[in-house]
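Quick note on labels: first sequence line is chain A, next is B, and so on, each numbered from 1. Computed from a predicted structure; not experimentally measured. Both backbone and side-chain heavy atoms feed into the values below; hydrogens, waters and symmetry mates do not.
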Number of protein chains: 2
Amino acid sequence: MGAQPTISDVADAAGVSRQTVSNVLNAPDVVRPETRERVQHAITHLGYRPHASARRLRTQKSSTIGIRLDPITTDGISGSILDRFLHALTEQADRKNLRMLLFTATGPEDEIAQFQRLSEGADVDAFVLTSTFHGDPRTEWLIEHGQSFVTFGRPWGIDDMADPEHLWVDVDGCHGLREATTHLLTTGARRVGFIGWPTGSGTGDDRRRGWLEAMREGSGLGDAGLRTLEVAAEDGVNDGADAMRRLEKAAGTVDAVVCVSDSLALGALMAAGGRIPVVGYDNTPVAASIGFSSVEQPLDEVAAGVLELLTGAHGGRVRPGTEVTDPRHRLVAPRLVVREGPSVIAAAR
Amino acid sequence: MGAQPTISDVADAAGVSRQTVSNVLNAPDVVRPETRERVQHAITHLGYRPHASARRLRTQKSSTIGIRLDPITTDGISGSILDRFLHALTEQADRKNLRMLLFTATGPEDEIAQFQRLSEGADVDAFVLTSTFHGDPRTEWLIEHGQSFVTFGRPWGIDDMADPEHLWVDVDGCHGLREATTHLLTTGARRVGFIGWPTGSGTGDDRRRGWLEAMREGSGLGDAGLRTLEVAAEDGVNDGADAMRRLEKAAGTVDAVVCVSDSLALGALMAAGGRIPVVGYDNTPVAASIGFSSVEQPLDEVAAGVLELLTGAHGGRVRPGTEVTDPRHRLVAPRLVVREGPSVIAAAR
DNA sequence: CTGTTAGCGCCTTCAA
DNA sequence: TTGAAGGCGCTAACAG
């Protein structure tokens with residue numbers, strides 16, 4: 001450790017003024033190459049590094065993004081996707097010289113209090129939210145207080161794509177399930193069942209739509225037939241198993257199943273004893289280790305999109321009166337990870 | 001938003017000097033009550049909040065703790081425990097007015113580079129590491145450069161408890177497996193098998209010891225018999241299933257099994273078709289949703305310990321010449337979460 | 001292209 | 001108990 005060298009030390013060592021050093025760092029093209037090199041040499045020689053707080057004080061920006069760590073989901077295996085998103089975000093933020101600051105909250109009001117605390121204390125100058133809905137008090141507060149933010153997930157309002165105030169990035173779940181279903185159909189399956197969440201969740205309804213469209217186009221089944229191939233469940237392995245049994249009872253033969261989550265898929269797989277292919281969603285470690293196919297969200301792309309929106313033209317904030325020229329929303333396509341099937345379960349029988 | 005009020009604004013509003021405001025904030029007992037109240041009123045009225053960067057610049061401390069987000073573990077379900085630890089840490093740090101800053105690294109050297117960057121830039125003034133070993137280059141670098149840090153996990157050196165330079169908090173895995181094994185023995189099981197990792201990992205060997213000791217004391221089996229009840233595997237569901245089959249082949253009857261991880265436990269459970277009780281480790285969401293017992297790490301306690309060590313007497317750093325009076329290490333006991341058994345798997349048969 | 005000057009908002013001396 | 005200076009390390013304006 002020892003005392004860190006300051007910009008003055010570097011200036012002295014290089015025989016220039018402090019300002020020139022600052023220029024070398026922040027506007028290199030404005031300094032004559034030979035001077036620049038001399039300064040650079042002094043910097044590396046002394047091991048100088050700009051003092052983050054001093055810079056932030058001076059520039060009035062923290063270059064730090066706040067993100068809330070969700071409360072633990074006891075059930076459901078899908079908690080890990082947030083983890084992976086966070087990882088992607090941190091990694092890419094780092095490349096843009098942005099830092100990620102964590103916080104927790106016990107509920108929406110508490111979260112708003114945290115927004116206030118972190119923004120007013122200049123700890124953070126933007127937020128990333130992970131799941132929001134239309135009329136969410138949190139986004140309303142952020143918009144109202146002119147805070148920069150981008151959400152991972154659509155607000156699921158009437159007209160998301162046109163909403164100029166709420167920047168978001170989301171994964172096209174409809175497309176994902178359509179692809180999964182189509183894949184199963186090309187494999188020879190015809191009666192592909194669907195295990196989803198109860199109607200009402202934007203995400204779940206969107207994914208269901210993907211299955212429905214693919215089936216209408218490719219299965220040759222009518223709507224009445226399709227209705228028996230569909231069943232709703234809460235998220236959880238036991239719920240998935242239960243749903244599978246209900247599905248088999250209602251539909252008679254089922255050639256394959258697509259699910260809105262890996263937890264449900266695991267349950268379905270177990271209940272079916274591994275006899276038919278099951279496709280999950282999120283491509284969690286369980287899917288990988290048990291060996292069933294799953295729709296993977298491209299979290300790197302999502303993270304990149306979030307950062308671009310945040311650092312882009314509007315800097316995550318909408319300037320009133322600005323024309324909506326550049327995209328404020330981004331919908332990325334997931335991809336299907338195809339796996340052979342569950343060797344473990346088969347072996348267990 | 002708008003411009004945040006500064007300390008001067010508050011001073012003007014309250015009719016005092018800036019200094020008095022500062023005192024009200026940092027040394028309230030030195031200001032006359034009535035003045036204090038007037039200032040407090042002005043603070044809340046104006047919505048004043050001290051500027052974090054300004055304070056950090058002045059005090060030369062960031063009050064921020066850096067933690068590396070581990071690369072994603074594709075296999076193994078246990079990734080979520082780090083998640084929960086991070087959550088506990090963030091929550092408790094917040095109460096102490098400390099912030100958690102994330103970073104990622106591609107490997108040990110890169111991580112050291114990050115240490116350097118973050119510490120020299122005064123972004124962070126302490127680190128939390130999540131898994132270290134004896135002679136780990138990262139801890140060596142941190143010690144050498146006088147950086148504050150605490151690890152979650154023993155260094156697994158010869159004499160951990162006496163090492164005065166490396167502060168750590170860990171979970172007593174030996175105790176955890178002993179408890180799990182004893183529980184199974186009291187339930188009536190006698191031949192309790194053990195599925196562990198290959199010898200050599202400190203954590204794994206420690207947990208194995210717990211099983212071994214409990215069996216020696218309570219099973220009435222001799223060492224020769226015990227040897228057939230033990231099998232090693234990498235971490236993963238398929239590995240667990242495979243291990244279970246090997247175990248049954250080698251040992252003949254097995255009444256129950258304890259495993260060093262939930263992934264292994266899940267595999268074992270499936271291979272055994274849910275016929276015998278299996279106990280896992282980490283109490284991950286899978287254990288909860290499938291419904292098997294598991295040893296839970298008390299991550300809240302770990303987080304609390306880490307922060308206490310960090311903010312305690314030595315502030316995470318060892319002052320040379322200081323007597324070793326207060327504890328520099330902390331070993332917390334996990335607890336067994338008992339569950340009925342896997343209804344899903346039983347039903348699937 | 002380089003140097004000088006003037007703070008960013010806060011806290012730590014010291015004096016009153 | 002309160003007030004008046006000074007400076008933490010940096011960068012944005014200018015002036016040379």
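In this structure A:D9 satisfies the salt bridge (Lys or Arg N to Asp or Glu O under 4.0 Å) test with no other residue, sequence neighbours excluded. Applying the salt bridge (Lys or Arg N to Asp or Glu O under 4.0 Å) rule to B:R330 yields the partners B:E308; only residues at least two apart in sequence or on another chain are considered. When the salt bridge (Lys or Arg N to Asp or Glu O under 4.0 Å) test is applied to B:R154, the partners found at least two apart in sequence or on another chain are B:D170, B:D206. With sequence neighbours left out, the side-chain hydrogen bond (donor to acceptor under 3.5 Å, both in side chains) criterion links B:T20 to B:S17. Residues passing the side chain to side chain contact (heavy atoms under 4.5 Å, CB included) test with B:Y48, sequence neighbours excluded: B:P5, B:I7, B:V10, B:L25, B:I43, B:P50. For the salt bridge (Lys or Arg N to Asp or Glu O under 4.0 Å) test, residues two or more places apart in sequence or in another chain that qualify with B:E91 are B:R95.
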For nucleotides 6-10 of chain D, print each protein N/O atom paired with a nucleotide N/O atom at under 3.5 Å, atom names and distance only.
| from | atom 1 | to | atom 2 | distance (Å) |
| --- | --- | --- | --- | --- |
| D:dG6 | O6 | B:R18 | NH2 | 3.2 |
| D:dG6 | N2 | B:R58 | NH1 | 2.7 |
| D:dG7 | N2 | B:R58 | NH1 | 3.2 |
| D:dC8 | O3' | B:Q60 | NE2 | 3.2 |
| D:dG9 | OP1 | B:Q60 | NE2 | 3.3 |
| D:dC10 | OP1 | A:Y48 | OH | 2.5 |
| D:dC10 | OP1 | A:H51 | N | 3.0 |
| D:dC10 | OP2 | A:I7 | N | 2.5 |
| D:dC10 | N4 | A:R18 | NH1 | 3.0 |
| D:dC10 | N4 | A:R18 | NH2 | 3.4 |

Strictly under 3.5 Å: I want the nitrogen or oxygen pairs between protein and nucleotides 14-16 of chain D, one per line.
none

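Legend: side chain to side chain donor-acceptor pair (under 3.5 Å) pairs involving residues 34-45 of chain A, not counting sequence neighbours, sorted by first then second residue: A:R32-A:E34.
Two rings, from B:H166 and B:F149, have their centers less than 6.0 Å apart.
With respect to A:R56 and B:D123, a salt bridge is recorded, a charged nitrogen being found less than 4.0 Å from a carboxylate O.
A 4.0 Å heavy-atom criterion places the boundary nucleotides of DNA chain C facing chain B at C:dG9 to C:dT12, written 5' to 3'.
For the segment residues 31-44 of chain B, the set of residues with a heavy atom within less than 4.0 Å of an atom of DNA chain D comprises B:V31, B:R32, B:T35, in numerical order.
Secondary-structure stems of DNA chain C, taken as three or more successive Watson-Crick or G-U wobble pairs (i with j, i+1 with j-1) under a 3.5 Å distance threshold, comprise C:3-16 with D:1-14.
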